[in-house]
Structures are given as C-alpha cells and as structure tokens.
Amino acid sequence: MSGAAAGKTDIEKRICGWLADNRQGMLDLLEEVVNIDGGSYDKAGVDKVGDRFVRHFEERGLLTRIEPHEIFGNAIHVRLDDSPTNERPIVLMGHRDTVFPKGEPTRRPFKIEGGRAYGPGVADMKAGLVMNAFVLEAFKRMGGAPAPLAGLITSDEEIASPSSRPVIERVAREARCVFNSEPGRPTGNVVQGRKGGIFMRCEVLGKAAHSGGNFEKGISAIGELAHKIVALHALTDLPRGLTVNVGLVSGGQSVNTTAPSAEGRIDLRYVKPADRQFALSAIQRIVDTATVPGTTATLEILGEFLPLTQSGESEQLFDAYAAASKDLGMTVKGEFAGGCADSGFTAGVGCPTLCAVGPVGGNAHTSDEYLEVDSMVPRAQALALAILRLPPAG
Ligand SMILES: [Zn+2]
C-alpha cells in the first residue's frame, strides 16, 4: 500500500464523490429498512426487509439471487453484472435480522436527533447493509474494482446463523476476502479478532417426591444443577480468554417437591480455536458426573460462532483499510471483541476477513442503539478506497 497516501486517483475521487452525493439516499433507504419489522425468528419480516433491498438493487441494475430457506429468512446474493469470471470475488457481507420483538419499529420508529439516528437495528446492522448497497452501486457505475464484487445479505446472525452459516462458509471458500459491515466501534475502530462462542443447554433429571412426607424418596435435580454450575464456572480462565457462564436457570415443580428436573443455559467463550474442544470436553465431563446420586444429565448445543482469527492476509486487508481511512482523515485501529459475529465463519474457512467496517454506532441490542449519521459517508468511502487499493488478483 506504499504511496497510497499521496492523494487520490481519478477513479478514487469519482467514487468518493458519488458516495458523498448519495448521503441522503443512504439515509432514506436506512429509514425505510429500520421501520420494517425483522426479528431473527420472524421470517416474513426478515424477508420483507430483504425484498426492500432486492428492489433497491434491481432499480439500480445490480443482479440479485435469492437462496430460499423454509424456517428463517432467505439469503440474498448480489452481483454487479453477469459477466463470466474465474476470479475470486471481494464479498461485502451483512445480516438484516435484529434482536427486537415484533412491533418494535412501530413503538420506536427511525428518527434522527442531535446527529444520531435511532431505531431497531439502525447500527446493528442495517446501516452496514445500506452502506454495502451504495458501495456496490458505486463500483457498478464507475468500475475500478481489482476483482469482481459481490454482496451477501444474511438473515439470522443474531441467533448464531442456523440457516446462514452454510451459505456464508460456501461463499467465503470461493471469496478473495470478506468485509463484514457490523457497526464500527464507538471509537471508529474495526474488529480484527473475536471470541468463539457456544450456547448450550444442560438438562438434569431427578425424581419428584413430597418434600415433607417422602423427602428420602426424592432426588433433587436442582441440587445437582447447583453442583454443576459451580464446576462449570470454575472452568473460566480469564488470562486465557476462556469463560463459562450459566446465564439462565430453571427447574422444579413446586416449593414442596424435590425437583424432578432442572435446566441451565451455558455460554462458553474462547479465543484460541484449540480451546473449543478442550472446553467442550471439560463441560461434557461435568455434565456426565453426578454429585447427587441418581441424577442424570444431558448436554445440547443450541448455537455456535467460531472465533475470528487473524492471518497474514487478513492483516494486509486491515492495513489497506486503515491506510484508506487515514487518507480520509480518520485514524482506525483494529480491536479484539468478545462478541461473536458471522466473520468467525468466514475466517474459519481460511478467508481473509475484516469485521466492523460498517458506519459507527453503539449500544447495540438496546433501545439506546444509535448510529453516528455523519459516519455513513466516510465509512462507505473508506471501504471503497480499501477495495480500490487491493492489489489486482494474480
Ligand atoms: Zn450484528
């Protein structure tokens, strides 16, 4: 990337100028998609958000292909044109589902106040999808990309991508690199590393008995779950970046019955890929070991994200992005984040990946979620410049 700082080339100027001219268009589309309901389990809603993006692309001459899913929202693939190519594409990725319950956009519609936009999913990550759409269109209009460009809009990231993971992994295996447009950190930094995470359910079975009349005949599943929780939490090793959290417990039948069943929901986080098996084995041993005689227990994986890991190639991707941002007057560093994202799946199949290149925002998953409106255009420009300055394939 040497010499990149020496001013912009003609195509760089034209693309950055076009993106700046389309600020209002970006905000208009963002308002529309934020105001459409789309929680991860609401297939109809998530598909409605998808339809809006598809219409946007089709009106502007980009090509879309729907990959349907019966339970969750459909995946949407975007290309600039249908010219045949053997080159590996640069993929701009993002998810359109949100964590919010049905009706949230009606209760809390899109608004802009004091330079910040609010609304469900405004930063995480509908702004990133809007940004991707306009960057793709800029290259469609003006060309200049060093490789074919593609877009991928997924549907269920907030619940660990049960339907999108195989799609993401297939696309990433064929891609030259992936930019994931999760919101930029409040500092403007991007994310180079993320923890892996696994959500699990541990179900313990005991035996019900009247705790007054027949106490000795009962077997307390809650008593056993309590032992297991203490053992599970003891697996946490902060310096190693490994944490085990039982975040939900339930169980029992009544206060005067020995609990016939109990359940704990376990959240495992880790940094090193090898720690996945290490921790899973340790958790399974705890689940299989009964401290209260007569109890049995099972472990089930409910959802999983892989860690976002760094390679030499993804380091180059970051360098290109950071240099492009610098030319636009922004200092961008790479951060490590404990939160998981689809970028772990793309890195997991060996695809160079940079995450959180979306417009800057914060307080995701809360009603205080916000987007810095003035970051929309500069982040789009930084992404476009980073793409323009990637070396041609060869
Ligand atoms: Zn997200």
Side-chain angles (χ1 to χ4, degrees), residues 30 33-34 36-42 45-46 49-50 53 72-73 75-76 91-101 104-105 108 110 117-133 135 151-165 167-169 171-172 178-197 199 267 269 303-308 335-348 353-372 375-376 379-380 383:
L30 180 61
V33 291
V34 166
I36 304 173
D37 238 326
S40 309
Y41 293 101
D42 176 9
V46 171
V49 178
F53 277 107
F72 301 105
I76 300 168
V91 177
L92 310 189
M93 185 170 80
H95 68 86
R96 66 188 190 278
D97 59 317
T98 73
V99 296
F100 297 102
E104 190 77 359
R108 204 158 56 73
F110 179 89
Y118 297 89
V122 67
D124 182 15
M125 57 177 288
K126 287 176 175 172
L129 292 176
V130 168
M131 180 192 79
N132 285 355
V135 169
L152 173 62
I153 304 181
T154 69
S155 60
D156 51 3
E157 191 268 353
E158 299 293 1
I159 52 169
S161 299
S163 79
S164 302
R165 179 176 175 177
V167 177
I168 291 166
E169 290 180 336
V171 166
V178 168
F179 291 97
N180 194 30
S181 301
E182 287 280 355
R185 316 297 278 179
T187 52
N189 286 346
V190 295
V191 171
Q192 285 186 284
R194 289 185 185 272
K195 285 188 173 184
F199 313 124
D267 172 35
R269 304 284 167 129
E304 169 160 17
F305 280 110
L306 296 181
L308 171 58
E335 282 187 20
F336 185 89
C340 300
D342 283 332
S343 46
F345 296 132
T346 59
T353 300
L354 188 61
C355 196
V357 298
V360 174
N363 297 336
H365 298 197
T366 76
S367 55
D368 296 324
E369 177 184 8
Y370 68 89
L371 170 79
E372 300 285 4
S375 72
M376 197 88 199
R379 296 290 272 199
L383 177 57

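As the structure lists them, so they are numbered: ligands from 1, and atoms in each ligand from 1. Given the structure is predicted, the values throughout are model-derived calculations rather than measurements.
- Using bins of under 30°, 30° to 60° and over 60° for the plane-to-plane angle, the ring pair F305/F199 lands in the perpendicular bin.
- Sorted by chain and number, the protein atoms of type N, O or S within less than 2.8 Å of the Zn ion (ligand 1) are H95 NE2, D124 OD1, E182 OE1, E182 OE2.
- Residues R269 and C340 form a side-chain contact, since some pair of their non-hydrogen atoms from C-beta on lies under 4.5 Å apart.
- Shown here are the side chain to side chain donor-acceptor pair (under 3.5 Å) partners of N132, two or more places apart in sequence or in another chain: S181.
- Here the shortest heavy-atom pairing between M93 and N180 reads O-OD1, 3.2 Å.
- A distance-only check finds a donor-acceptor pair linking the side chain of E369 to the backbone of G121 [under 3.5 Å].
- In this structure, CG on L129 lies 9.5 Å from CG on L30, to the nearest 0.5 angstrom.
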